[in-house]
Amino acid sequence: MNALPIDLALAWESLPALFDGLMVTVFLTALPLIIGLALAFPICFARMSARRALALPAEIFVVFFRGAPLLILLYLVYYGLGQIEALRNGPFWIVFGSPFGCAIVALSLNHAAYMVEVLRGSLLAVPHGIVEASEALGITRRNIFLWVRMPLALRYGLKAYQNEVVSFVKGTAIVSVVTITDLMAVANSIFEQTYDPFTPILCAAAFYWAFVNLIRVGFTVWGRWLSRHSAEDAVVAIPGRQGLGGVVVEAKVTP
């Protein structure tokens, strides 16, 4: 059985171009992750609201942007929005008039839709008894959310968030279809120039593998840091409100 015809000389020559493409991929990953997460929080709170006027639009947002394939969403933003004359003549054309801006918008909306459900599931996973105990101590809702629900929700949702980020990184490869020179676009360009299907694609796969595993290691370290005080009984220190004299209230909770 013959080995794959990998050209080591071509792989070495291609490394600078592939590395430049990787930097574009990193940027296309980091910026939508930040924007998507920022959008996910208010949409998540609206999704969990008892008011139907807030919950329904948030639910429609999640259903649409989670259900629409990312490639179709990218085409709609890149090709579709450019047909709207008001948008072409407006201030937002500086974003939608470039392939990079369209990719950021499409990726951010897609990531936000998934993160809404990750956040919602994590917040709902916090045991209600812990929240009730905090309320019984006279702690304000704001402090309960900041010091009780969110820290626990971060731990509960970390694995789901990690899976979403890893899938998202690999999904960014589709931006090459709108003329963005990311890692996959560089690999395709080398293939078209050399007619070697193995060397550039396998090199790109190695870069993706290294990037994804670096992220995985980062999440592992983050998870250990979040659980650094974990034990059978963990003591949570919560700033008391003024009615409690501004003292620190300590409550034992079982993770």
Is the closest side-chain heavy-atom distance between [X] and [Y] below 4.5 Å?
X: T25; Y: T29; value: yes
X: D20; Y: V24; value: no
X: V177; Y: Y75; value: yes
X: L107; Y: F168; value: yes
X: L81; Y: L76; value: no
X: L10; Y: I190; value: yes
X: F100; Y: L28; value: yes
X: P127; Y: I130; value: yes

Hydrophobic clustering (ILVMFWY, side-chain heavy atoms < 4.5 Å, transitive) - are [Y] and [X] grouped together?
X: I34; Y: L214; result: no
X: W12; Y: F19; result: yes
X: V221; Y: L154; result: no
X: I72; Y: Y114; result: no
X: F27; Y: V169; result: yes

Rounded distance (nearest 0.5 Å) linking atom [atom1] of [X] with atom [atom2] of [Y]:
X: S14; Y: D7; atom1: OG; atom2: CG; value: 8.5 Å
X: I139; Y: S134; atom1: CD1; atom2: OG; value: 4.5 Å
X: R155; Y: L152; atom1: CZ; atom2: CG; value: 6.0 Å
X: L183; Y: T181; atom1: CG; atom2: OG1; value: 11.5 Å
X: R47; Y: R120; atom1: CZ; atom2: CZ; value: 4.0 Å
X: E117; Y: L124; atom1: CD; atom2: CG; value: 9.5 Å

*Output, in order, the C-alpha distance, side-chain angles, deciding distance and verdict of side chain to side chain contact (heavy atoms under 4.5 Å, CB included) for M184 and T172.*
CA-CA 9 Å; M184 194 63 207; T172 59; over 6 Å; no
Keeping the roles fixed (side chain from [X], backbone from [Y]), state whether a donor-acceptor pair exists under 3.5 Å.
X: D196; Y: T199; result: yes
X: S167; Y: E164; result: no
X: R88; Y: G82; result: yes

*Examine F65 together with F61 and report whether their ring centres are nearer than 6.0 Å.*
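Judged by ring-centre distance (under 6.0 Å), F65 and F61 do meet the cut-off.
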*Looking at the rings of F96 and Y78, which for Trp means the six-membered one, are their centres under 6.0 Å apart?*
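Not under 6.0 Å, so no.
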*asked:* Quick one, L109 with V105, criterion side chain to side chain contact (heavy atoms under 4.5 Å, CB included). Give me CA distance, side-chain angles, the key distance, then yes/no.
replied: CA-CA 6 Å; L109 292 174; V105 171; 4.0 Å; yes
Closest heavy-atom contact between [X] and [Y]?
X: A125; Y: Y156; answer: O-CE1, 3.6 Å
X: A106; Y: L70; answer: O-CD1, 4.1 Å
X: L123; Y: A153; answer: CD2-CB, 3.8 Å
X: V165; Y: I215; answer: CG1-CG2, 3.9 Å
X: A204; Y: A187; answer: CB-CB, 3.7 Å
X: L146; Y: P151; answer: O-CD, 3.3 Å

*If you draw a 6.0 Å radius around CD1 in I60, do more than 12 non-hydrogen atoms from other residues or ligands fall strictly inside?*
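Yes - once you tally the heavy atoms of other residues, nucleotides and ligands closer than 6.0 Å, there are more than 12.
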*Does CZ belonging to R141 count more than 12 external heavy atoms closer than 6.0 Å?*
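At most 12 heavy atoms, drawn from other residues, nucleotides or ligands, come within 6.0 Å of this atom.
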*Once the angle between the rings of H111 and Y161 is folded into 0 to 90°, is it parallel (under 30°), tilted (30 to 60°) or perpendicular (over 60°)?*
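Rings of H111 and Y161: tilted, 30 to 60°.
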*Where do R52 and E59 land on the side chain to side chain contact (heavy atoms under 4.5 Å, CB included) test, with the steps shown first?*
CA-CA 10 Å; R52 194 61 178 165; E59 184 176 354; 3.8 Å; yes
*asked:* As a quick check of understanding, evaluate ring-ring contact (aromatic ring centres under 6.0 Å, His included) for F145 and F45, giving each step before the final call.
replied: CA-CA 12 Å; F145 180 79; F45 297 146; 5.7 Å; yes
*Show your reasoning for whether side chain to side chain contact (heavy atoms under 4.5 Å, CB included) applies to I6 and L202.*
CA-CA 9 Å; I6 299 177; L202 289 177; 3.5 Å; yes
